[in-house]
Amino acid sequence: MKIQVLVATMHQKQKDYSLLNKMNIQTDAIICNQCDRNEFEKFAWNGHTIRWLSFAERGVGLNRNNALMRADADICLFADDDVVYYNGYAKVVENFYKSHTDADVVIFNFLVKRGDEEAYELVKRARRVGRKGVTKFGTFCISVRNSAIKRKNINFHREFGGGSRYSHGEDSIFLQDCAKAGLHIYTCSKLIGYVNHGVSTWFKGYTDRFFFDKGVVYYTMVGKFARLAALYHSIKHRGLYSEKGWRNAYRQILKGIEEGKTYY
């Protein structure tokens with residue numbers, strides 16, 4: 001079983017491949033580097049094949065699609081450049097897919113740290129998940145069976161995520177698209193890596209723009225049920241949005257939903 005890591009990164013220096021050591025890459029990988037040049041390299045690294053692609057363009061969805069469209073492995077792991085894989089991660093991934101032959105998408109466990117918060121494990125238990133259960137996971141923990149994704153023609157929406165028209169949500173939309181296409185999605189509680197998110201490149205606080213973009217994301221994911229889903233979310237997380245006030249947050253989300261209707 002061939003495994004490939006698809007890394008979305010930015011501003012990596014020319015001929016500097018230290019990111020591979022930093023991330024502890026132990027499989028084949030495609031590194032998609034958004035910078036100010038166009039350059040394509042292929043080389044061997046510790047017995048694995050690395051394709052290093054640099055593009056003078058922006059948008060995380062586009063960046064991930066550049067890797068996904070070139071992926072040729074059986075199993076692909078999406079990653080950001082703040083991921084550090086544990087030794088033996090490939091065997092964990094391979095064993096899970098072999099023991100769950102119907103799995104099309106697997107969300108693997110990571111130890112996650114955000115700023116000064118205490119690190120926590122992302123996945124509590126292994127289970128099959130549906131549309132409701134996938135919305136809380138970021139792209140860095142997602143793996144896919146390459147043949148299933150390509151058979152269903154699933155890609156990342158280019159208008160969502162850092163550097164795009166709408167600042168976030170590309171991960172949730174991708175997983176929703178997988179679920180809507182009938183793909184089987186699992187979680188795996190075995191740790192395969194660590195990630196320290198540090199300072200976000202896109203999150204600037206719970207601003208009007210944040211909630212507006214969330215509204216567009218809701219409409220993209222659930223269509224006519226977006227208003228109901230947004231209301232449930234706003235009330236459930238009213239403590240988190242206390243500074244803005246959940247009603248004000250909901251109003252901004254509704255504006256985003258209306259734009260989603262016209263945009264799509």
Side-chain angles (χ1 to χ4, degrees), residues 59-61 64-65 78 104-108 110 112 114 120 122-125 127-144 148-149 152-187 197 200 202-264:
V60 69
R64 296 198 194 281
N65 285 339
F78 297 109
D104 300 306
V105 180
V106 180
I107 297 163
F108 283 96
F110 279 79
V112 180
R114 300 178 186 275
Y120 65 93
L122 187 67
V123 176
K124 304 303 181 185
R125 60 189 177 93
R127 62 189 178 99
R128 175 89 178 268
V129 293
R131 291 182 64 178
K132 184 179 178 181
V134 299
T135 55
K136 64 180 179 180
F137 297 109
T139 314
F140 69 90
C141 61
I142 301 171
S143 69
V144 297
I149 293 297
K152 296 294 186 178
N153 195 29
I154 297 173
N155 293 285
F156 286 89
H157 285 233
R158 291 174 54 180
E159 294 296 315
F160 295 87
S164 304
R165 180 171 182 171
Y166 305 110
S167 61
H168 58 95
E170 80 286 353
D171 40 17
S172 297
I173 295 171
F174 179 84
L175 288 171
Q176 286 290 321
D177 286 348
C178 289
K180 285 187 282 188
L183 299 186
H184 295 173
I185 305 174
Y186 285 85
T187 58
H197 287 309
S200 174
W202 67 267
F203 181 67
K204 308 302 180 185
Y206 296 116
T207 63
D208 287 350
R209 187 70 206 186
F210 172 85
F211 292 112
F212 181 90
D213 290 354
K214 184 174 284 292
V216 184
V217 171
Y218 273 126
Y219 187 80
T220 305
M221 290 195 300
V222 298
K224 64 181 180 180
F225 300 107
R227 293 172 67 95
L228 184 61
L231 179 61
Y232 171 79
H233 174 90
S234 299
I235 295 174
K236 180 180 179 182
H237 297 284
R238 59 188 180 276
L240 190 61
Y241 305 149
S242 57
E243 183 176 341
K244 170 69 66 176
W246 75 265
R247 290 180 177 83
N248 290 327
Y250 182 57
R251 291 188 189 100
Q252 292 302 319
I253 292 173
L254 291 181
K255 292 179 181 178
I257 290 173
E258 291 306 308
E259 172 152 330
K261 290 179 182 179
T262 61
Y263 190 71
Y264 289 98

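Everything numeric in this text was worked out from a predicted model, so none of it was measured. What's counted below: heavy atoms across the whole structure, side chains too, no hydrogens, waters or symmetry copies.
With sequence neighbours excluded, the residues forming a side-chain hydrogen bond (donor to acceptor under 3.5 Å, both in side chains) with Ser143 are Tyr97, listed by chain and number. Considering only residues two or more places apart in sequence or on other chains, Arg127 meets the salt bridge (charged side-chain N to carboxylate O under 4.0 Å, His left out) condition with none of them.
Looking at heavy atoms from C-beta onward, Leu183 lies in side-chain contact with Ile154 at the 4.5 angstrom threshold. Side-chain atoms of His237 and Trp246, non-hydrogen and from C-beta on, never get closer than 4.5 Å to each other. Annotation: side chain of Tyr218 is in contact with side chain of His233 (closest heavy-atom distance under 4.5 Å). At a threshold of 4.5 Å between non-hydrogen side-chain atoms, the residues Phe137 and Ile185 do not count as touching.
Summarising the geometry, atom OG1 belonging to Thr262 is positioned 12.5 Å from atom CD1 belonging to Ile257; distances are rounded to the nearest 0.5 Å. One distance of note links CD1 of Ile173 with CZ of Phe156; it measures 10.5 Å at 0.5 Å rounding. A distance of 6.0 Å separates CZ in Arg165 from CD in Glu159, rounded to the nearest 0.5 Å. A distance of 5.0 Å separates NZ of Lys180 from CG of Asp177, quoted to the nearest 0.5 Å. Atom CD1 of residue Ile142 and atom CZ of residue Phe108 lie 12.0 Å apart, to the nearest 0.5 angstrom. Taking CG of Asn155 as the start and CD1 of Ile149 as the end, the distance is 8.5 Å to the nearest 0.5 Å.
Open room surrounds OH on Tyr232; 12 or fewer heavy atoms of other groups in view lie less than 6.0 Å from it. Around atom NZ of Lys236, no more than 12 heavy atoms belonging to other residues, nucleotides or ligands sit under 6.0 Å away.
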I would like to know whether His157 and Tyr166 meet side-chain hydrogen bond (donor to acceptor under 3.5 Å, both in side chains); could you show each step before the answer?
CA-CA 10 Å; His157 285 233; Tyr166 305 110; over 6 Å; no
Test side-chain contact (heavy atoms from CB on, under 4.5 Å) on Val105 and Phe174 and set out the steps.
CA-CA 11 Å; Val105 180; Phe174 179 84; 5.6 Å; no
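Taking the six-membered ring where tryptophan is involved, the planes of Phe140 and Phe110 are perpendicular, since the angle between them exceeds 60° and thus also 30°.
Considering all non-hydrogen atoms of both residues, Ala148 and Asp104 come closest at CB-OD1, 3.5 Å. What you find for Phe160 and His168 is that their closest heavy atoms are CD2-O, 3.6 Å.
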Can I get a per-line list of side-chain donor-acceptor pairs under 3.5 Å for residues 248-255, giving both atom names and the distance, sequence neighbours left out?
from: Asn248; atom 1: OD1; to: Arg251; atom 2: NH1; distance (Å): 2.5
from: Asn248; atom 1: ND2; to: Lys244; atom 2: O; distance (Å): 3.0
from: Tyr250; atom 1: OH; to: Arg227; atom 2: O; distance (Å): 3.3

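Remark: side-chain polar atoms of Ser172 are not paired, donor with acceptor, to backbone N or O of Val134 under 3.5 angstrom. Within the 3.5 Å criterion, the main-chain N or O of Val222 finds no donor-acceptor partner in the side chain of Arg131.
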